[in-house]
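Single-structure report; data block below.
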Amino acid sequence: MINTNTYRGRLALVLVCLLVFFSMNAAAEVVITVTGSDGEIISQTEGVTDADATGSESTAGEPAPEGDKPAREALIDDIIALAQAEYDRTGGRAQRAQYSGDIYVCKNFTVYLFKQNAAKYRMAEFPDTPLIIPDNRPKKECTVPTYGVEWKDIPAAEGNPFYIAAQFVYNDDLSKQENRELAREFLKQVKRGDYFQMSADYYYGVGAHSMIYIADYDPETDTVHWCDSNMKGEKRNGERYGYVQFDAVKEIDWFVDAFCHKTRGATLYRLRDDIIYAP
């Protein structure tokens, strides 16, 4: 014979367990409803409560993180990637580099690579200030060093994220060999992402040139790698056309021969360490 009180007690326990089970499932399965300004339902999706199966808090609705890559490294990567894309796109064909609006003029090209990517970044010290890249100093302001070695001196507070990491200017008080040694030591400081300005007298011409180094100086091969536009070029119907280069490589003495001349020199401009993603 079944004891009635015992049976009723067990039945009540089962009902309580079932109630708890279904309550938990109901709490875990919620419906997220999105409505328009007029109250009309736009969409409904099933979601989860603020606590997931492991007990961690939900991040639904929070902006996605930028990733683990530091912002400064990401900006340099973006600049170099765009340089390679331009190199691939032009396919070895010379591009017009005659007029102020032509992006394939040497400085225009490096500025273009920066401006196309700068909006995504800021400086931690000035998070509300968009990044800019300075123009070269005007020719009328340049004597020694000559035009092309230096940019305008724009403070970081106005958006300039670059600083002078190293500079070489030919010193008349030293011998030619002493100047060459200083120029070599200067180039050994090249880092990936450095912007390079020089006033040169070399195989490809005389005057200013701008480029970007895409790798650190390699002491094993004594070389540097860079990207640029219009170092190599030609005239067509009286207009200058230049070639885009990517992963060009030379021993540093090649550059020393280019800018180690009286009144000339070169500068390495480097991004500050406090580059962050734009808020």
Side-chain angles (χ1 to χ4, degrees), residues 69 71-121 130-136 139 147-149 151 161-162 187 190-218 221 223-255 257-259 266-271 275:
K69 184 183 294 187
R72 183 180 183 277
E73 179 184 343
L75 175 53
I76 291 172
D77 286 350
D78 287 347
I79 289 169
I80 292 174
L82 181 56
Q84 184 169 15
E86 283 293 329
Y87 172 76
D88 293 339
R89 190 186 67 79
T90 56
R93 299 180 298 274
Q95 308 296 309
R96 195 182 68 183
Q98 177 70 24
Y99 304 104
S100 60
D102 292 339
I103 70 167
Y104 298 102
V105 175
C106 59
K107 180 64 186 285
N108 289 1
F109 185 69
T110 57
V111 168
Y112 167 78
L113 297 178
F114 178 83
K115 286 185 173 180
Q116 289 297 109
N117 293 288
K120 296 184 292 182
Y121 303 93
L131 301 185
I132 59 99
I133 182 170
D135 294 331
N136 289 349
K139 289 184 178 180
Y147 172 77
V149 175
W151 294 351
F162 292 92
L187 284 170
V190 165
K191 296 292 184 183
R192 184 175 187 270
D194 284 353
Y195 270 58
F196 179 70
Q197 285 289 148
M198 70 175 177
S199 173
D201 184 352
Y202 64 134
Y203 176 79
Y204 293 113
V206 177
H209 187 64
S210 307
M211 42 188 264
I212 303 169
Y213 287 113
I214 65 171
D216 294 359
Y217 162 72
D218 185 347
T221 60
T223 58
V224 287
H225 295 245
W226 78 93
C227 62
D228 68 355
S229 177
N230 201 34
M231 175 185 279
K232 297 180 179 181
E234 60 191 49
K235 285 281 189 176
R236 297 181 182 177
N237 298 320
E239 294 181 331
R240 173 77 178 184
Y241 279 72
Y243 294 90
V244 175
Q245 296 187 105
F246 187 82
D247 200 16
V249 56
K250 293 286 187 184
E251 293 184 0
I252 61 173
D253 281 333
W254 188 86
F255 281 98
D257 290 340
F259 64 75
T267 305
L268 292 175
Y269 288 95
R270 187 167 296 162
L271 284 167
I275 301 299

Donor-acceptor pairs under 3.5 angstrom involving side-chain atoms of residues 202-216: please list them, not counting sequence neighbours.
residue: H209; atom: NE2; partner: D228; partner atom: OD2; Å: 2.8
residue: S210; atom: OG; partner: Q197; partner atom: OE1; Å: 2.6
residue: S210; atom: OG; partner: Q197; partner atom: NE2; Å: 3.3
residue: D216; atom: OD1; partner: R192; partner atom: N; Å: 2.8

[X]: what forms a salt bridge (Lys or Arg N to Asp or Glu O under 4.0 Å) with it, not counting sequence neighbours?
X	result
D194	R270
E73	none
R96	D102
D218	none

For [X], which residues count as a side-chain hydrogen bond (donor to acceptor under 3.5 Å, both in side chains) partner, sequence neighbours excluded?
X	value
Y241	none
Y195	none
Y87	none

Cationic tip of K139 above Y147 ring, under 6.0 Å, 45° of axis: yes
A81 meets the side chain to side chain contact (heavy atoms under 4.5 Å, CB included) criterion, sequence neighbours left out, with none
Any residue meeting side chain to side chain contact (heavy atoms under 4.5 Å, CB included) with D135, in chain and number order, not counting sequence neighbours: K152
Interatomic distance, Y217 atom OH to K191 atom NZ [nearest 0.5 angstrom]: 11.5 Å
Given side chain to side chain contact (heavy atoms under 4.5 Å, CB included), test F196 with T267 step by step and report yes or no. CA-CA 6 Å; F196 179 70; T267 305; over 6 Å; no
Using the rule side-chain contact (heavy atoms from CB on, under 4.5 Å), only one of F114, Y269, Y121 pairs with P161; which is it? F114
Does any pair with a residue in residues 239-250 pass salt bridge (charged side-chain N to carboxylate O under 4.0 Å, His left out), and if so which ones, sequence neighbours excluded? none
Would you list the pairs meeting ring pair (Phe, Tyr, Trp, His ring centres under 6.0 Å) in which at least one residue belongs to residues 89-110, sequence neighbours left out? none
